[in-house]
Amino acid sequence: MFALIDCNNFYASCERVFRPELNHQPIVVLSNNDGCVIARSNEAKALGIPMGAPAFEYQKCFRQHQVHVFSANFALYGDMSRRVMNILEEYSPESEIYSIDEIFLNLSGMDAYNLHEYGISMREKVWKWTGIPTSIGIAHTKTLAKVANRIAKKFPDPTKNVHLILSNEQRIKALKWIDIQDIWGIGKQHAHRLKTIGIHKGYDFTQLSAEWIRKNMGVVGLRLQQELLGTPTLAIEYPKPRKNIATTRSFETLYTDIDAVKERISAFAVSCAEKLRKQHTCCLSITIFICTPQHQTHLPQYSRSIHIKLPYPTHSAIELSQFATQALLKIFKPGYAYKKAGVIVHNLINENQLQKKLFENRNEQHIPLMQAIDKINQMIGQQKVRLASQDLKQVWKMKQEKLSPRYTTRLEDIITIYC
DNA sequence: TCTGGGGTCCTAGGACCC
DNA sequence: TCTGGGGTCCTAGGACCC
């Protein structure tokens with residue numbers, strides 16, 4: 001038995017916790033650079049603002065309906081998420097944090113409990129302790145728990161935001177209700193293909209032949225069908241070290257100068273190196289990419305990436321920055337206006353598993369140096385110690401015009417209460 | 001004239017998720 | 001003027017092995 005607890009409109013709800021006057025008001029949260037809408041309160045959804053809407057196209061709508069607009073405040077959302085998850089993990093010996101706002105709990109063996117009541121108590125505690133509203137789905141498989149969660153969110157009234165799919169009748173009723181594209185694991189492509197052969201609801205999908213699914217959707221599709229039929233094929237998963245780590249950003253303006261792009265690539269490589277050290281891994285290869293703005297079709301378009309194998313595994317910011325900027329020289333073409341770039345590291349291995357001879361070419365002094373840098377930056381603030389190839393004058397700045405305070409992670413931003 | 005039958009590893013691309 | 005930033009897994013095909 002699985003429960004899926006999902007925070008309602010998570011980013012918007014986080015902003016609301018510290019601004020209760022915004023309850024029942026439309027709220028949207030924008031992506032980095034204030035580019036597009038990545039979260040909406042129910043009121044904003046009701047205004048017809050779609051997910052991913054470009055902010056500039058909706059300025060008029062925002063003004064007209066007095067929508068409260070926020071720049072993404074990931075420091076706040078990450079910390080609020082940690083608080084919510086800490087509470088929910090107490091409700092089961094086995095859990096899986098699936099995303100920043102979702103957690104699966106294994107409820108096997110808890111049949112003695114009234115699971116509906118159990119879910120309501122979780123919801124109430126999270127609400128009371130953090131101010132974040134949640135919805136809860138409970139069923140025999142993770143995919144059905146996802147379906148149940150959707151029902152809980154859609155029909156808060158009878159369900160009290162907690163819905164269970166236990167009997168076969170409940171399962172069939174739920175699957176006859178849910179649209180095929182809303183099922184976890186069915187994306188745009190598969191939904192389109194399924195609709196062309198007359199499959200519109202979750203239930204229709206469970207009636208398809210295994211041969212058809214295997215042929216058109218692979219083993220993933222077969223597993224999904226089993227899940228919807230009530231046979232679990234997905235278990236609770238434990239956190240594993242990442243297999244790839246990326247740092248990519250859009251620029252606030254267009255860059256034509258190679259030095260400006262070089263500085264960004266260097267900074268992204270430093271960021272990847274930091275993330276590598278945090279999970280105690282080194283990378284063996286690196287990809288960098290640059291591209292011009294895809295939406296501005298009147299500009300000359302150019303987009304390229306390059307993948308290089310490193311001569312030895314590393315998590316040194318100095319080395320990764322050098323490899324990344326060397327790679328940039330191979331793909332950078334003058335005469336284009338660049339909008340976005342990124343660094344991705346792959347083939348990650350544990351830092352303790354390095355073979356001795358692999359160290360031959362690398363500078364061993366980087367290891368204590370990086371440790372010292374990490375320590376200083378942790379003590380006195382991120383990015384206080386940087387490479388000379390990074391933006392020392394701090395020219396680069398992300399567009400974040402509507403950033404809320406970091407209420408829970410910065411002493412200066414803690415709210416003041418007058419009594 | 002006629003040329004087997006297994007494997008593994010790597011990569012790019014496609015699908016999906018939040 | 002202006003459109004985010006992360007991840008995962010699977011598959012097919014090519015290169016290589018004996």
Side-chain angles (χ1 to χ4, degrees), chain A residues 4 6-7 9-11 28-39 49-60 62 69-74 77-78 81 96-104 142-143 146 149 180-194 213-224 227 233-234 237-254 264 268 271-272 275 279 284-285 287 289 291-299 305-309 337 339-348 398-401:
Chain A
L4 173 69
D6 185 317
C7 301
N9 314 321
F10 183 56
Y11 296 169
V28 297
V29 178
L30 304 182
S31 62
N32 281 345
N33 271 318
D34 293 345
C36 53
V37 173
I38 56 169
I49 301 167
M51 185 69 172
F56 72 91
E57 279 180 14
Y58 282 82
Q59 285 307 328
K60 205 175 146 192
F62 294 162
V69 180
F70 290 92
S71 303
N73 185 345
F74 291 113
Y77 312 149
S81 168
E96 171 189 347
I97 295 175
Y98 178 69
S99 75
I100 195 166
D101 70 336
E102 283 171 82
I103 182 170
F104 283 106
K142 285 170 102 176
T143 311
K146 274 272 197 184
N149 186 287
I180 191 74
Q181 72 268 14
D182 293 334
I183 287 174
W184 188 43
I186 302 278
K188 221 175 165 184
Q189 306 294 325
H190 287 326
H192 179 76
R193 174 187 255 149
L194 287 163
I213 294 182
R214 177 71 183 88
K215 186 161 170 275
N216 292 280
M217 300 174 68
V219 296
V220 182
L222 283 181
R223 281 201 287 251
L224 178 59
E227 284 266 313
T233 61
L234 305 172
E237 292 197 13
Y238 298 99
K240 296 173 219 143
R242 300 242 166 276
K243 296 183 173 175
N244 304 296
I245 291 175
T247 300
T248 72
R249 288 287 179 280
S250 296
F251 312 138
E252 196 196 346
T253 56
L254 298 179
R264 287 290 78 207
F268 298 161
S271 158
C272 283
K275 294 176 188 173
Q279 66 165 32
L284 270 162
S285 67
T287 297
F289 72 85
C291 54
T292 52
Q294 292 166 340
H295 299 281
Q296 285 160 270
T297 43
H298 60 283
L299 291 174
S305 71
I306 182 170
H307 182 93
I308 52 167
K309 287 184 177 151
K339 176 66 179 171
K340 190 174 173 180
V343 173
I344 307 159
V345 293
H346 329 259
N347 297 79
L348 312 189
M398 193 154 52
K399 187 177 169 195
Q400 287 183 309
E401 289 175 352

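Note on naming: letters A, B, ... go to the chains in the order of the sequence lines (proteins, then strands), and numbering restarts at 1 for each one.
Contact annotation for A:I97: no contact, since no heavy-atom pair falls under 4.0 Å across all strands. Nucleic acid contact for A:I186: sugar-phosphate only, since backbone atoms but no base atoms lie under 4.0 Å from a heavy atom of the residue. Among the heavy atoms of the strands, none lies under 4.0 Å from A:Q294. Among the atoms of the strands shown, only primed sugar atoms or phosphate atoms (P, OP1, OP2) are found under 4.0 Å from some heavy atom of A:I245. Nucleic acid contact for A:T253: none, since no nucleic acid atom lies under 4.0 Å from a heavy atom of the residue. Among the heavy atoms of the strands, none lies under 4.0 Å from A:H307. Within 4.0 Å of A:D34, counting heavy atoms only, lies no atom of the nucleic acid at all.
Consecutive pairing runs in DNA chain B reach the stem threshold at B:5-18 with C:5-18, where a stem means at least three Watson-Crick or G-U wobble pairs with distances under 3.5 Å.
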List, with names and distances, any nitrogen or oxygen atoms from the protein found under 3.5 Å away from nitrogen or oxygen atoms belonging to nucleotides 9-14 of chain C.
residue : atom : partner : partner atom : Å
C:dC9   : OP2  : A:K243  : NZ           : 3.1
C:dC10  : OP1  : A:R223  : NH2          : 2.9
C:dT11  : OP1  : A:V219  : N            : 3.4

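Nearest nucleotide to the A:R242 side chain, out of B:dC17, C:dG7, B:dA15: C:dG7. You'll find that the side chain of A:Q189 is closest to B:dC16, out of B:dC18, B:dC16, C:dG6.
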Do any side-chain atoms of residues 339-348 of chain A form donor-acceptor pairs under 3.5 angstrom with protein atoms, and if so which ones, sequence neighbours left out?
residue : atom : partner : partner atom : Å
A:K339  : NZ   : A:F251  : O            : 2.7
A:H346  : ND1  : A:N244  : OD1          : 3.1
A:H346  : NE2  : A:T287  : OG1          : 2.7
A:N347  : OD1  : A:S285  : OG           : 2.9

For a side chain to side chain contact (heavy atoms under 4.5 Å, CB included) check, start with the C-alpha distance between A:I245 and A:Q279, then their side-chain angles and the critical distance, and finish with the verdict. CA-CA 10 Å; A:I245 291 175; A:Q279 66 165 32; 3.9 Å; yes
Take A:E96 and A:K142, measure what side chain to side chain contact (heavy atoms under 4.5 Å, CB included) needs, and give me the verdict at the end. CA-CA 11 Å; A:E96 171 189 347; A:K142 285 170 102 176; 2.7 Å; yes
